[in-house]
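What you see below is based on every heavy atom in this structure, not just the backbone, and it leaves out hydrogens, waters and symmetry mates.
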Amino acid sequence: MAYTAKQWKDGDVITKEALNNIEQGIVNVPAGPTGKGVKGIALTTTDGKVTGGTVAFDDNSTGAVTVTEA
């Protein structure tokens with residue numbers, strides 16, 4: 001199934017379904033120019049807002065997820 005991005009708006013509630021949709025979209029991304037594919041992402045929330053997280057690559061390395069507000 002093709003990934004469908006959600007257009008988030010102020011006040012939207014973060015649900016497990018929405019987060020799972022994001023995770024599945026990331027998992028379906030082919031390996032980039034570095035040769036690393038994404039295995040998964042763990043997001044951190046505070047008061048219902050995503051504030052950061054960690055991405056896990058298929059070579060078992062990880063990277064930080066940085067969140068900025070527009």
Side-chain angles (χ1 to χ4, degrees):
M1 177 167 59
Y3 173 74
T4 302
K6 176 175 176 50
Q7 297 301 309
W8 293 93
K9 298 174 191 69
D10 287 345
D12 282 354
V13 176
I14 297 171
T15 65
K16 67 179 180 181
E17 290 82 11
L19 290 174
N20 285 335
N21 184 56
I22 292 168
E23 292 236 359
Q24 192 57 54
I26 292 168
V27 169
N28 290 339
V29 174
T34 63
K36 293 183 182 181
V38 175
K39 289 195 319 187
I41 186 169
L43 298 175
T44 304
T45 61
T46 303
D47 298 327
K49 293 184 180 183
V50 176
T51 56
T54 305
V55 61
F57 298 102
D58 59 7
D59 67 353
N60 294 321
S61 65
T62 60
V65 173
T66 303
V67 178
T68 58
E69 286 194 42

Test side chain to side chain contact (heavy atoms under 4.5 Å, CB included) applied to I26 - qualifying residues, sequence neighbours left out = I22, V38, I41
So, does [X] use its side chain to make a donor-acceptor pair with the main chain of [Y] at under 3.5 Å?
{"X": "T15", "Y": "A18", "answer": "yes"}
{"X": "N21", "Y": "T4", "answer": "yes"}
{"X": "D58", "Y": "K39", "answer": "no"}
{"X": "T62", "Y": "A56", "answer": "no"}

Compare all side-chain heavy atoms of I14 with those of L19 and state whether any distance is below 4.5 angstrom.
-> yes
Step-by-step side-chain contact (heavy atoms from CB on, under 4.5 Å) determination, T51 to T46 | CA-CA 6 Å; T51 56; T46 303; 3.5 Å; yes
Here the gap from K49 atom NZ to T44 atom OG1, rounded to the nearest 0.5 Å, amounts to 15.5 Å
Apply the test side-chain contact (heavy atoms from CB on, under 4.5 Å) to residues D12 and K6: give CA-CA distance (whole Å), side-chain angles for both, the deciding distance (0.1 Å), then the verdict.
-> CA-CA 11 Å; D12 282 354; K6 176 175 176 50; 3.7 Å; yes
